[in-house]
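Everything on this sheet refers to the single structure shown next.
Model, not experiment: these values are computed from the prediction.
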Amino acid sequence: MLFFGHRFLESESFYHINSIDAITNTPPSSSLYLEFAQENLDIIHHFNANEISFALSVSTITELMYASALNANYIIVDKELAKSAQNIAESYLFDAKILVSIASDEEIEEFALLGVDGVIFSNAIIKINS
C-alpha cells in the first residue's frame, strides 16, 4: 500500500495547481494535483505534452475512466468510490494507482482489506497559487 501524507512515513507531496502558470511555482520534478473538470483539460494536455507526473481527483466512474485515458499517474477517489475504482483499475489494467482520501489512521485497515493501491491524507496536497 502506498502512503501519502502519513506522519510516520516520508512521501512525496502533490502540488495543487489551478493554471498552467502556477506550475512555475512548484519544485522541479514535482507531482501535480488537479481536480478533474472539463475546464482543466488544457492543463492536463500540458502535463502530458511535458511528461509531468500528476494526480487527478475524480468523483464518478466516468471521470475515473477519463483520468486513466488522460494518463494520470494517480487517481484520487472518495471512500465511497474506492472499491469500485480499484476493481475497474485492475480489470482494465490501469497504469495509474488508485488513492483514497482518508482523514485518520483507523481507515487504513479498511482500505488495505479492499486492496486499494494507496491512501492519501489531506496534508500531502499543497495548494499553489498562480
Side-chain angles (χ1 to χ4, degrees):
M1 176 175 264
L2 300 170
F3 292 90
F4 295 93
H6 191 281
R7 67 188 185 285
F8 295 162
L9 306 166
E10 221 175 286
S11 66
E12 70 178 297
S13 294
F14 294 91
Y15 294 86
H16 184 183
I17 62 157
N18 56 12
S19 70
I20 293 172
D21 292 336
I23 296 171
T24 60
N25 297 326
T26 64
S29 302
S30 57
S31 291
L32 303 181
Y33 167 89
L34 193 62
E35 294 167 3
F36 180 84
Q38 186 171 343
E39 54 271 9
N40 289 335
L41 288 175
D42 61 330
I43 300 170
I44 296 168
H45 292 306
H46 180 81
F47 291 162
N48 283 313
N50 292 283
E51 298 181 8
I52 297 171
S53 175
F54 68 100
L56 277 180
S57 175
V58 302
S59 57
T60 68
I61 296 297
T62 302
E63 290 177 358
L64 172 80
M65 301 306 289
Y66 292 152
S68 176
L70 290 165
N71 301 313
N73 301 89
Y74 301 97
I75 302 172
I76 301 173
V77 300
D78 289 330
K79 298 168 192 162
E80 298 77 23
L81 196 58
K83 180 60 178 162
S84 297
Q86 188 66 50
N87 287 343
I88 290 168
E90 290 171 4
S91 293
Y92 285 98
L93 303 174
F94 283 10
D95 289 329
K97 297 293 185 188
I98 303 298
L99 304 178
V100 62
S101 298
I102 64 171
S104 70
D105 289 358
E106 290 75 30
E107 298 172 276
I108 294 170
E109 183 176 343
E110 173 187 354
F111 296 106
L113 292 171
L114 290 177
V116 175
D117 291 327
V119 295
I120 184 167
F121 291 84
S122 62
N123 63 329
I125 300 172
I126 300 166
K127 180 75 173 166
I128 299 294
N129 296 317
S130 20

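Between Phe111 and Met1, some side-chain heavy-atom pair lies under the 4.5 Å cut-off. When side chains are defined from C-beta on, Val119 does not count as touching His6, because their heavy atoms never get closer than 4.5 Å. Side-chain contact check for Ile88 versus Tyr92: some heavy-atom pair is nearer than 4.5 Å.
The shortest heavy-atom contact between Ala82 and Val77 is CA-CG2, 3.8 Å. Nearest approach of Val116 to Gln86, heavy atoms of both residues: CA-OE1, 3.3 Å.
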key: Residue pair Leu32, His16: steps toward the side-chain contact (heavy atoms from CB on, under 4.5 Å) verdict   = CA-CA 6 Å; Leu32 303 181; His16 184 183; over 6 Å; no

request  = Show your working on side-chain contact (heavy atoms from CB on, under 4.5 Å) between Arg7 and Asp105 and close with a plain yes or no.
outcome  = CA-CA 10 Å; Arg7 67 188 185 285; Asp105 289 358; 2.8 Å; yes

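Ile126 meets the side-chain contact (heavy atoms from CB on, under 4.5 Å) test with Ser13, Tyr15, Ile128; sequence neighbours excluded. Scored by the salt bridge (charged side-chain N to carboxylate O under 4.0 Å, His left out) test, Asp78 finds no partners at all (sequence neighbours excluded). Scanning for salt bridge (charged side-chain N to carboxylate O under 4.0 Å, His left out) contacts around Glu35 gives an empty result, with sequence neighbours left out. Listed by chain and residue number, Asn87 satisfy the side chain to side chain donor-acceptor pair (under 3.5 Å) test with Lys83 (two or more places apart in sequence, or in another chain).
Residues Glu107 and Lys79 are paired through a salt bridge, judged by an N-O separation under 4.0 Å between the basic side chain and the carboxylate.
The CZ atom of Phe121 lies 10.0 Å from the OG atom of Ser11; values are rounded to the nearest 0.5 Å. Distance CD1/Ile17 to OG1/Thr26: 7.5 Å, rounded to 0.5 Å. Between Ser53 atom OG and Glu12 atom CD the span is 6.0 Å, to the nearest 0.5 Å. Here the straight-line distance linking atom CG of Leu34 with atom CZ of Phe47 works out to 5.0 Å at 0.5 Å rounding. Between the CD atom in Glu110 and the CD1 atom in Ile102 there is a gap of 9.5 Å [rounded to 0.5 Å]. One distance of note links CD1 of Ile108 with CG of Leu113; it measures 12.0 Å at 0.5 Å rounding.
Looking at Val100, Leu81, Ile98 one by one, the single match for side chain to side chain contact (heavy atoms under 4.5 Å, CB included) with Ile75 turns out to be Ile98.
Between the Asn73 side chain and the Phe54 main chain, a donor and an acceptor come within less than 3.5 Å of each other. Asp117 places no side-chain N or O within 3.5 Å of a backbone atom of Lys97 that could act as its donor or acceptor partner.
Residue Tyr74 shares its hydrophobic cluster (ILVMFWY side chains chained together at separations under 4.5 Å) with Leu2, Phe4, Phe14, Tyr33, Ile76, Leu99, Ile120, Ile125.
In the displayed structure, Asn50 atom CG is contacted under 6.0 Å by more than 12 heavy atoms of other residues, nucleotides or ligands.
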All N/O donor-acceptor pairs, side-chain side in residues 56-71, below 3.5 Å, sequence neighbours left out:
{"from": "Ser59", "atom 1": "OG", "to": "Glu63", "atom 2": "OE1", "distance (Å)": "3.1"}
{"from": "Thr60", "atom 1": "OG1", "to": "Glu63", "atom 2": "N", "distance (Å)": "3.0"}
{"from": "Glu63", "atom 1": "OE1", "to": "Ser59", "atom 2": "N", "distance (Å)": "2.8"}

